[in-house]
2 protein chains.
Amino acid sequence: MELFREQGYERTTASEIAARAEVTERTFFRYFPDKREVLFEEDPRLQPALEAAIAEAPEALSPLEVMRLALGSIEKLLEENRPFTEPRLAVIAASPALWERAEAKSASLVQLLAKGLRQRGVDERLALLAARTGIAAFGHAAQSWFEDPSPGLEVRLDQAFCALRELAGRKKG
Amino acid sequence: MELFREQGYERTTASEIAARAEVTERTFFRYFPDKREVLFEEDPRLQPALEAAIAEAPEALSPLEVMRLALGSIEKLLEENRPFTEPRLAVIAASPALWERAEAKSASLVQLLAKGLRQRGVDERLALLAARTGIAAFGHAAQSWFEDPSPGLEVRLDQAFCALRELAGRKKG
DNA sequence: GTCTATAGGACGATAGAC
DNA sequence: GTCTATCGTCCTATAGAC
(Lines give C-alpha, C1' and ligand atoms only; values in the text may rest on other atoms or scores of the structure.)
Protein backbone atom coordinates (compact mmCIF):
# COMPACT_ATOMS: atom_id res chain seq x y z
CA MET A 1 0.00 0.00 0.00
CA GLU A 2 2.88 2.42 0.71
CA LEU A 3 4.32 1.88 -2.74
CA PHE A 4 0.96 2.02 -4.44
CA ARG A 5 0.12 5.31 -2.82
CA GLU A 6 3.53 6.79 -3.58
CA GLN A 7 3.73 5.86 -7.25
CA GLY A 8 0.49 4.14 -8.23
CA TYR A 9 -0.23 0.50 -8.95
CA GLU A 10 1.00 0.25 -12.52
CA ARG A 11 4.24 2.08 -11.83
CA THR A 12 5.05 -0.32 -9.00
CA THR A 13 6.75 -3.56 -9.97
CA ALA A 14 6.35 -6.88 -8.24
CA SER A 15 10.06 -6.74 -7.62
CA GLU A 16 9.72 -3.49 -5.67
CA ILE A 17 6.92 -4.90 -3.56
CA ALA A 18 8.99 -7.95 -2.78
CA ALA A 19 11.98 -5.82 -1.82
CA ARG A 20 9.87 -3.64 0.48
CA ALA A 21 8.51 -6.78 2.13
CA GLU A 22 12.03 -8.14 2.41
CA VAL A 23 11.38 -11.30 0.43
CA THR A 24 12.44 -12.32 -3.05
CA GLU A 25 10.24 -11.72 -6.06
CA ARG A 26 9.69 -15.46 -6.36
CA THR A 27 8.46 -15.65 -2.78
CA PHE A 28 6.02 -12.87 -3.53
CA PHE A 29 4.56 -14.96 -6.33
CA ARG A 30 4.34 -17.94 -4.01
CA TYR A 31 2.07 -15.96 -1.71
CA PHE A 32 0.05 -14.31 -4.45
CA PRO A 33 -0.82 -16.01 -7.74
CA ASP A 34 -0.49 -12.69 -9.52
CA LYS A 35 0.34 -9.09 -8.77
CA ARG A 36 -3.26 -7.94 -8.55
CA GLU A 37 -4.17 -10.38 -5.85
CA VAL A 38 -2.19 -8.47 -3.20
CA LEU A 39 -5.03 -6.00 -3.17
CA PHE A 40 -7.80 -8.56 -2.91
CA GLU A 41 -6.91 -10.72 0.04
CA GLU A 42 -10.15 -11.06 1.91
CA ASP A 43 -11.01 -11.90 5.48
CA PRO A 44 -11.03 -15.72 5.66
CA ARG A 45 -14.13 -15.60 7.85
CA LEU A 46 -16.20 -13.90 5.18
CA GLN A 47 -17.12 -16.81 2.92
CA PRO A 48 -17.84 -19.28 5.71
CA ALA A 49 -20.00 -16.65 7.41
CA LEU A 50 -22.08 -16.20 4.29
CA GLU A 51 -22.38 -19.91 3.67
CA ALA A 52 -23.47 -20.52 7.24
CA ALA A 53 -25.97 -17.68 7.20
CA ILE A 54 -27.58 -19.05 4.06
CA ALA A 55 -27.64 -22.63 5.30
CA GLU A 56 -29.12 -21.66 8.64
CA ALA A 57 -31.74 -19.24 7.41
CA PRO A 58 -35.33 -20.14 8.28
CA GLU A 59 -37.02 -22.44 5.77
CA ALA A 60 -39.89 -20.03 5.23
CA LEU A 61 -37.77 -17.23 3.76
CA SER A 62 -37.84 -16.50 0.05
CA PRO A 63 -34.52 -16.65 -1.82
CA LEU A 64 -34.17 -12.89 -1.79
CA GLU A 65 -34.94 -12.69 1.89
CA VAL A 66 -32.19 -15.22 2.45
CA MET A 67 -29.83 -12.94 0.56
CA ARG A 68 -30.88 -9.99 2.68
CA LEU A 69 -30.27 -11.99 5.85
CA ALA A 70 -26.91 -13.38 4.77
CA LEU A 71 -25.54 -10.05 3.58
CA GLY A 72 -26.71 -8.37 6.76
CA SER A 73 -24.93 -10.97 8.85
CA ILE A 74 -21.47 -9.83 7.74
CA GLU A 75 -21.84 -6.27 8.93
CA LYS A 76 -19.46 -6.67 11.89
CA LEU A 77 -16.83 -8.31 9.70
CA LEU A 78 -17.00 -5.53 7.16
CA GLU A 79 -16.91 -2.93 9.91
CA GLU A 80 -13.74 -4.53 11.27
CA ASN A 81 -12.11 -4.53 7.86
CA ARG A 82 -13.14 -1.06 6.90
CA PRO A 83 -9.78 0.58 7.79
CA PHE A 84 -8.06 -1.73 5.29
CA THR A 85 -10.80 -1.72 2.70
CA GLU A 86 -11.11 2.00 2.29
CA PRO A 87 -7.56 2.79 1.11
CA ARG A 88 -7.62 -0.27 -1.12
CA LEU A 89 -10.70 0.94 -2.93
CA ALA A 90 -8.94 4.17 -3.82
CA VAL A 91 -6.06 2.27 -5.43
CA ILE A 92 -8.41 -0.13 -7.20
CA ALA A 93 -10.49 2.68 -8.64
CA ALA A 94 -7.39 4.18 -10.24
CA SER A 95 -6.46 1.11 -12.30
CA PRO A 96 -8.57 -0.62 -14.98
CA ALA A 97 -6.75 -3.89 -14.40
CA LEU A 98 -7.72 -3.79 -10.74
CA TRP A 99 -11.26 -2.75 -11.47
CA GLU A 100 -11.51 -5.80 -13.69
CA ARG A 101 -10.30 -8.07 -10.93
CA ALA A 102 -12.76 -6.46 -8.51
CA GLU A 103 -15.63 -7.28 -10.86
CA ALA A 104 -14.42 -10.85 -11.09
CA LYS A 105 -14.37 -11.09 -7.30
CA SER A 106 -17.89 -9.79 -7.12
CA ALA A 107 -18.94 -12.39 -9.69
CA SER A 108 -17.32 -15.12 -7.59
CA LEU A 109 -19.31 -13.92 -4.62
CA VAL A 110 -22.47 -14.22 -6.67
CA GLN A 111 -21.54 -17.81 -7.47
CA LEU A 112 -21.02 -18.52 -3.78
CA LEU A 113 -24.40 -17.10 -2.85
CA ALA A 114 -26.14 -18.94 -5.68
CA LYS A 115 -24.56 -22.19 -4.57
CA GLY A 116 -25.88 -21.65 -1.08
CA LEU A 117 -29.37 -21.10 -2.42
CA ARG A 118 -29.18 -24.20 -4.61
CA GLN A 119 -28.29 -26.23 -1.55
CA ARG A 120 -31.53 -25.02 -0.04
CA GLY A 121 -33.32 -26.50 -3.02
CA VAL A 122 -33.73 -23.35 -5.05
CA ASP A 123 -33.77 -23.93 -8.80
CA GLU A 124 -30.38 -23.31 -10.40
CA ARG A 125 -31.35 -20.42 -12.60
CA LEU A 126 -33.53 -18.76 -10.02
CA ALA A 127 -30.69 -19.04 -7.51
CA LEU A 128 -28.41 -17.16 -9.85
CA LEU A 129 -31.04 -14.49 -10.44
CA ALA A 130 -31.62 -14.05 -6.71
CA ALA A 131 -27.89 -13.96 -5.97
CA ARG A 132 -27.23 -11.34 -8.64
CA THR A 133 -30.16 -9.28 -7.47
CA GLY A 134 -29.01 -9.61 -3.88
CA ILE A 135 -25.54 -8.37 -4.77
CA ALA A 136 -27.06 -5.49 -6.70
CA ALA A 137 -28.95 -4.47 -3.58
CA PHE A 138 -25.84 -4.97 -1.48
CA GLY A 139 -23.89 -2.65 -3.77
CA HIS A 140 -26.58 -0.03 -3.31
CA ALA A 141 -26.42 -0.45 0.46
CA ALA A 142 -22.64 -0.63 0.75
CA GLN A 143 -22.12 2.51 -1.25
CA SER A 144 -24.23 4.68 1.00
CA TRP A 145 -22.82 2.91 4.03
CA PHE A 146 -19.28 3.78 3.03
CA GLU A 147 -20.15 7.41 2.57
CA ASP A 148 -21.80 7.60 5.96
CA PRO A 149 -21.47 4.63 8.31
CA SER A 150 -23.63 6.00 11.09
CA PRO A 151 -26.85 4.17 10.23
CA GLY A 152 -25.71 0.57 10.18
CA LEU A 153 -25.42 -1.63 7.13
CA GLU A 154 -28.61 -3.45 8.14
CA VAL A 155 -30.62 -0.26 7.81
CA ARG A 156 -29.05 0.44 4.43
CA LEU A 157 -29.84 -3.06 3.27
CA ASP A 158 -33.45 -2.65 4.25
CA GLN A 159 -33.58 0.56 2.26
CA ALA A 160 -31.94 -1.13 -0.72
CA PHE A 161 -34.31 -4.09 -0.75
CA CYS A 162 -37.18 -1.71 -0.30
CA ALA A 163 -36.02 0.28 -3.33
CA LEU A 164 -35.74 -2.97 -5.21
CA ARG A 165 -39.27 -3.95 -4.34
CA GLU A 166 -40.52 -0.61 -5.57
CA LEU A 167 -38.57 -0.94 -8.79
CA ALA A 168 -39.88 -4.40 -9.50
CA GLY A 169 -43.35 -3.96 -8.18
CA ARG A 170 -44.91 -0.86 -9.59
CA LYS A 171 -46.16 -1.10 -13.12
CA LYS A 172 -45.80 2.62 -13.78
CA GLY A 173 -43.12 5.24 -13.02
CA MET B 1 -10.73 -19.24 -33.18
CA GLU B 2 -9.05 -22.01 -35.18
CA LEU B 3 -5.99 -21.89 -32.96
CA PHE B 4 -8.00 -21.58 -29.77
CA ARG B 5 -10.07 -24.62 -30.63
CA GLU B 6 -7.02 -26.64 -31.64
CA GLN B 7 -4.87 -25.94 -28.62
CA GLY B 8 -6.85 -23.80 -26.19
CA TYR B 9 -6.50 -20.13 -25.33
CA GLU B 10 -3.62 -20.24 -22.89
CA ARG B 11 -1.51 -22.52 -25.06
CA THR B 12 -1.87 -20.16 -28.00
CA THR B 13 0.61 -17.29 -28.14
CA ALA B 14 -0.04 -13.86 -29.57
CA SER B 15 2.77 -14.57 -31.96
CA GLU B 16 0.95 -17.62 -33.35
CA ILE B 17 -2.25 -15.68 -33.82
CA ALA B 18 -0.37 -12.95 -35.65
CA ALA B 19 1.33 -15.50 -37.90
CA ARG B 20 -1.98 -17.18 -38.75
CA ALA B 21 -3.45 -13.79 -39.59
CA GLU B 22 -0.37 -12.98 -41.66
CA VAL B 23 0.62 -9.90 -39.75
CA THR B 24 3.39 -9.31 -37.28
CA GLU B 25 2.93 -9.59 -33.54
CA ARG B 26 3.26 -5.84 -33.26
CA THR B 27 0.44 -5.29 -35.67
CA PHE B 28 -1.72 -7.67 -33.71
CA PHE B 29 -1.22 -5.52 -30.63
CA ARG B 30 -2.07 -2.45 -32.60
CA TYR B 31 -5.48 -3.90 -33.35
CA PHE B 32 -6.09 -5.35 -29.91
CA PRO B 33 -4.88 -3.71 -26.71
CA ASP B 34 -4.28 -7.13 -25.23
CA LYS B 35 -4.56 -10.77 -26.16
CA ARG B 36 -7.92 -11.31 -24.47
CA GLU B 37 -9.65 -8.62 -26.43
CA VAL B 38 -9.62 -10.67 -29.64
CA LEU B 39 -12.44 -12.67 -28.11
CA PHE B 40 -14.52 -9.71 -27.01
CA GLU B 41 -14.95 -7.58 -30.06
CA GLU B 42 -18.61 -6.68 -30.03
CA ASP B 43 -21.05 -5.57 -32.67
CA PRO B 44 -20.58 -1.79 -32.96
CA ARG B 45 -24.36 -1.36 -33.24
CA LEU B 46 -25.00 -2.84 -29.82
CA GLN B 47 -24.17 0.06 -27.54
CA PRO B 48 -25.84 2.74 -29.67
CA ALA B 49 -28.93 0.55 -29.92
CA LEU B 50 -29.16 0.27 -26.14
CA GLU B 51 -28.53 3.96 -25.62
CA ALA B 52 -31.19 4.88 -28.15
CA ALA B 53 -33.73 2.45 -26.72
CA ILE B 54 -33.26 3.92 -23.26
CA ALA B 55 -33.39 7.51 -24.42
CA GLU B 56 -36.51 6.95 -26.50
CA ALA B 57 -38.46 4.87 -23.98
CA PRO B 58 -41.80 6.38 -22.94
CA GLU B 59 -41.59 8.78 -20.00
CA ALA B 60 -44.09 6.83 -17.99
CA LEU B 61 -42.00 3.68 -17.69
CA SER B 62 -40.27 2.80 -14.44
CA PRO B 63 -36.47 2.37 -14.55
CA LEU B 64 -36.78 -1.41 -14.59
CA GLU B 65 -39.36 -1.31 -17.35
CA VAL B 66 -36.93 0.78 -19.36
CA MET B 67 -34.32 -1.93 -18.84
CA ARG B 68 -36.75 -4.57 -20.00
CA LEU B 69 -37.54 -2.57 -23.12
CA ALA B 70 -33.93 -1.76 -23.96
CA LEU B 71 -32.70 -5.31 -23.50
CA GLY B 72 -35.55 -6.65 -25.56
CA SER B 73 -34.73 -4.26 -28.38
CA ILE B 74 -31.42 -5.94 -29.16
CA GLU B 75 -32.87 -9.37 -29.85
CA LYS B 76 -32.31 -9.19 -33.61
CA LEU B 77 -28.73 -8.06 -33.14
CA LEU B 78 -27.99 -10.90 -30.76
CA GLU B 79 -29.69 -13.35 -33.07
CA GLU B 80 -27.49 -12.18 -35.92
CA ASN B 81 -24.36 -12.55 -33.84
CA ARG B 82 -25.27 -15.90 -32.35
CA PRO B 83 -23.12 -17.96 -34.77
CA PHE B 84 -20.05 -16.05 -33.62
CA THR B 85 -21.03 -15.74 -29.99
CA GLU B 86 -21.65 -19.40 -29.33
CA PRO B 87 -18.16 -20.78 -30.12
CA ARG B 88 -16.61 -17.84 -28.30
CA LEU B 89 -18.48 -18.64 -25.12
CA ALA B 90 -17.04 -22.15 -25.14
CA VAL B 91 -13.49 -20.80 -25.29
CA ILE B 92 -14.19 -18.15 -22.67
CA ALA B 93 -15.67 -20.66 -20.26
CA ALA B 94 -12.46 -22.70 -20.40
CA SER B 95 -10.16 -19.92 -19.22
CA PRO B 96 -10.30 -18.01 -15.92
CA ALA B 97 -8.53 -15.03 -17.48
CA LEU B 98 -11.25 -14.80 -20.11
CA TRP B 99 -14.02 -15.33 -17.64
CA GLU B 100 -12.62 -12.36 -15.72
CA ARG B 101 -12.67 -10.21 -18.82
CA ALA B 102 -16.22 -11.30 -19.57
CA GLU B 103 -17.33 -10.16 -16.13
CA ALA B 104 -15.62 -6.84 -16.70
CA LYS B 105 -17.48 -6.44 -19.99
CA SER B 106 -20.76 -7.19 -18.26
CA ALA B 107 -19.93 -4.58 -15.64
CA SER B 108 -19.23 -2.05 -18.37
CA LEU B 109 -22.60 -2.79 -19.84
CA VAL B 110 -24.19 -2.11 -16.47
CA GLN B 111 -22.44 1.25 -16.41
CA LEU B 112 -23.78 2.04 -19.88
CA LEU B 113 -27.34 1.20 -18.88
CA ALA B 114 -27.06 3.15 -15.64
CA LYS B 115 -25.79 6.17 -17.52
CA GLY B 116 -28.79 5.99 -19.82
CA LEU B 117 -31.14 5.93 -16.85
CA ARG B 118 -29.38 8.85 -15.21
CA GLN B 119 -29.88 10.88 -18.36
CA ARG B 120 -33.58 10.23 -17.95
CA GLY B 121 -33.33 11.85 -14.55
CA VAL B 122 -33.12 8.71 -12.45
CA ASP B 123 -31.14 9.12 -9.26
CA GLU B 124 -27.55 7.93 -9.61
CA ARG B 125 -27.68 5.12 -7.09
CA LEU B 126 -31.10 3.93 -8.12
CA ALA B 127 -29.96 3.88 -11.73
CA LEU B 128 -27.11 1.56 -10.81
CA LEU B 129 -29.44 -0.69 -8.87
CA ALA B 130 -31.90 -0.88 -11.73
CA ALA B 131 -29.16 -1.51 -14.28
CA ARG B 132 -27.64 -4.31 -12.21
CA THR B 133 -31.03 -5.84 -11.63
CA GLY B 134 -31.85 -5.54 -15.30
CA ILE B 135 -28.66 -7.33 -16.28
CA ALA B 136 -29.40 -10.03 -13.73
CA ALA B 137 -32.76 -10.62 -15.38
CA PHE B 138 -31.13 -10.50 -18.79
CA GLY B 139 -28.67 -13.19 -17.74
CA HIS B 140 -31.58 -15.35 -16.63
CA ALA B 141 -33.32 -14.80 -19.97
CA ALA B 142 -30.24 -15.18 -22.16
CA GLN B 143 -29.24 -18.45 -20.59
CA SER B 144 -32.52 -20.17 -21.35
CA TRP B 145 -32.63 -18.49 -24.74
CA PHE B 146 -29.25 -19.92 -25.66
CA GLU B 147 -30.30 -23.39 -24.67
CA ASP B 148 -33.47 -23.18 -26.72
CA PRO B 149 -33.93 -20.20 -29.02
CA SER B 150 -37.38 -21.09 -30.26
CA PRO B 151 -39.41 -18.83 -27.96
CA GLY B 152 -37.85 -15.44 -28.64
CA LEU B 153 -35.71 -13.46 -26.25
CA GLU B 154 -38.62 -11.14 -25.57
CA VAL B 155 -40.65 -13.98 -24.12
CA ARG B 156 -37.70 -15.08 -21.98
CA LEU B 157 -37.22 -11.56 -20.75
CA ASP B 158 -40.83 -11.35 -19.70
CA GLN B 159 -40.43 -14.59 -17.81
CA ALA B 160 -37.26 -13.32 -16.15
CA PHE B 161 -38.78 -10.04 -15.05
CA CYS B 162 -41.80 -11.91 -13.86
CA ALA B 163 -39.59 -14.19 -11.77
CA LEU B 164 -37.87 -11.11 -10.43
CA ARG B 165 -41.16 -9.55 -9.42
CA GLU B 166 -42.10 -12.69 -7.57
CA LEU B 167 -38.75 -12.82 -5.83
CA ALA B 168 -38.95 -9.23 -4.69
CA GLY B 169 -42.63 -9.08 -4.01
CA ARG B 170 -43.69 -11.97 -1.89
CA LYS B 171 -42.87 -11.75 1.78
CA LYS B 172 -42.79 -15.49 2.26
CA GLY B 173 -41.22 -18.36 0.33
C1' DG C 1 3.60 16.66 -48.30
C1' DT C 2 0.91 14.72 -44.74
C1' DC C 3 -1.34 11.04 -42.56
C1' DT C 4 -1.98 6.37 -41.49
C1' DA C 5 -0.76 1.40 -41.33
C1' DT C 6 2.67 -2.14 -40.97
C1' DA C 7 7.21 -3.68 -39.83
C1' DG C 8 11.20 -4.23 -36.93
C1' DG C 9 14.33 -4.18 -33.00
C1' DA C 10 14.92 -3.77 -28.22
C1' DC C 11 13.30 -4.03 -23.75
C1' DG C 12 10.87 -4.38 -18.99
C1' DA C 13 7.61 -6.88 -16.34
C1' DT C 14 4.80 -10.75 -15.24
C1' DA C 15 4.59 -15.30 -14.25
C1' DG C 16 5.57 -20.35 -15.07
C1' DA C 17 8.84 -24.48 -15.32
C1' DC C 18 12.14 -26.79 -13.03
C1' DG D 1 16.37 -19.70 -6.42
C1' DT D 2 17.49 -19.86 -11.40
C1' DC D 3 16.09 -19.63 -15.86
C1' DT D 4 13.10 -18.55 -19.48
C1' DA D 5 8.76 -17.76 -22.24
C1' DT D 6 5.21 -14.57 -23.16
C1' DC D 7 2.90 -10.27 -22.97
C1' DG D 8 2.90 -5.76 -24.04
C1' DT D 9 5.37 -1.00 -24.77
C1' DC D 10 8.57 2.34 -26.81
C1' DC D 11 10.80 4.05 -30.56
C1' DT D 12 12.03 4.39 -35.35
C1' DA D 13 11.69 3.34 -40.30
C1' DT D 14 9.25 2.40 -44.43
C1' DA D 15 5.27 1.96 -47.71
C1' DG D 16 1.06 3.41 -49.42
C1' DA D 17 -3.42 6.65 -49.53
C1' DC D 18 -5.10 11.00 -50.24
Side-chain angles (χ1 to χ4, degrees), chain A residues 1-42 44 84 87-109 111, chain B residues 1-45 47-48 84 87-109 111:
Chain A
M1 283 305 300
E2 287 168 15
L3 288 165
F4 292 153
R5 251 174 318 185
E6 285 165 26
Q7 41 188 353
Y9 172 79
E10 328 259 358
R11 305 266 70 206
T12 304
T13 70
S15 177
E16 287 175 297
I17 302 172
R20 182 70 63 103
E22 289 176 8
V23 297
T24 67
E25 188 176 331
R26 208 61 207 82
T27 302
F28 171 80
F29 280 114
R30 258 180 40 80
Y31 277 91
F32 304 100
D34 64 51
K35 188 184 153 194
R36 304 176 193 179
E37 278 296 306
V38 283
L39 279 157
F40 290 94
E41 220 185 0
E42 63 178 24
F84 312 99
R88 266 186 232 184
L89 289 180
V91 177
I92 291 169
S95 160
L98 292 173
W99 184 75
E100 187 169 357
R101 174 61 51 90
E103 291 301 333
K105 291 286 177 184
S106 168
S108 293
L109 188 57
Q111 295 300 328
Chain B
M1 282 306 299
E2 287 168 15
L3 288 165
F4 292 153
R5 251 174 318 184
E6 284 165 26
Q7 41 188 350
Y9 173 80
E10 329 258 358
R11 306 267 69 202
T12 304
T13 69
S15 179
E16 288 176 296
I17 302 172
R20 182 70 63 101
E22 289 176 6
V23 296
T24 67
E25 191 177 332
R26 216 59 73 263
T27 302
F28 171 80
F29 280 116
R30 261 180 40 80
Y31 277 91
F32 305 100
D34 65 52
K35 189 183 151 192
R36 303 177 194 178
E37 278 295 306
V38 282
L39 280 157
F40 290 93
E41 222 184 358
E42 63 178 25
D43 193 316
R45 297 168 295 173
Q47 294 205 9
F84 312 99
R88 267 186 231 184
L89 288 179
V91 176
I92 290 168
S95 160
L98 292 174
W99 183 75
E100 187 169 356
R101 175 61 52 89
E103 291 300 334
K105 291 286 175 184
S106 168
S108 294
L109 188 55
Q111 295 300 327

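Values in this document were obtained by computation on a predicted structure and should not be read as measured data. In what follows, chains carry the letters A, B, and so on, assigned in the order in which the sequence lines appear, proteins first and then strands, with residues in each chain numbered from 1.
Counting to the nearest Å, the C1' atom of C:dA15 and the CD atom of A:E37 are 14 Å from each other. Between the P atom of C:dA13 and the CD atom of A:E16 lies a distance of 8 Å, rounded to the nearest Å. The CZ-C1' distance, from B:F28 to C:dG8, rounds to 18 Å in whole Å. Between the CD1 atom of A:I17 and the P atom of C:dG12 there is a distance of 19 Å, given to the nearest Å.
Closest to the side chain of B:R26, from the set C:dG9, C:dA7, C:dT14, is C:dG9. Residue A:E25 places its side chain closer to C:dA15 than to any other of C:dA15, C:dG8, C:dA5.
Nearest-nucleotide positions on DNA chain C for B:V23 and A:T12 put B:V23 closer to the 5' end. Each of B:R11 and A:T13 has a nearest nucleotide on DNA chain C; the 5'-most of these lies closest to A:T13.
Side-chain contact between B:Y31 and B:V23 is absent, with no heavy-atom pair separated by less than 4.5 Å. Within the 4.5 Å cutoff, side-chain heavy atoms of B:L98 are placed close to those of B:F40. Counting heavy atoms from C-beta outward, A:P96 and A:E10 have side chains that approach closer than 4.5 Å. By the 4.5 Å heavy-atom criterion applied to side chains, B:M1 and B:L39 are counted as neighbours. Under the 4.5 Å side-chain criterion, counting only non-hydrogen atoms from C-beta, B:E25 is not in contact with B:I17.
One finds no side-chain N or O of B:Y31 lying less than 4.0 angstrom from the OP1 or OP2 phosphate oxygen of C:dA5. Neither OP1 nor OP2 of C:dT6 sits under 4.0 Å from any side-chain N or O of B:T27.
Within residues 91-107 of chain B, no residue has any heavy atom under 4.0 Å from DNA chain C.
Using a 4.0 Å heavy-atom distance criterion, A:F32 is classed as making no nucleic acid contact.
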inquiry  = Applying salt bridge (Lys or Arg N to Asp or Glu O under 4.0 Å) to B:K105 and A:E103, what does each step give before you reach the verdict?
reply    = CA-CA 9 Å; B:K105 291 286 175 184; A:E103 291 301 333; over 6 Å; no
task = Decide yes or no on side-chain contact (heavy atoms from CB on, under 4.5 Å) for B:D34 and B:R101, but give the supporting numbers first.
result = CA-CA 11 Å; B:D34 65 52; B:R101 175 61 52 89; 3.0 Å; yes
request  = In sequence, state the C-alpha distance, the side-chain angles, and the governing distance for B:Y9 and B:R36, and then conclude on side-chain contact (heavy atoms from CB on, under 4.5 Å).
outcome  = CA-CA 9 Å; B:Y9 173 80; B:R36 303 177 194 178; 3.2 Å; yes
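The backbone N or O of A:A104 sits less than 3.5 Å from a side-chain atom of A:S108, completing a donor-acceptor pair.
Here chain A contacts DNA chain D (any atom closer than 4.0 Å to a heavy atom, that is under 4.0 Å), and the contacts span D:dG1 to D:dT2 from 5' to 3'.
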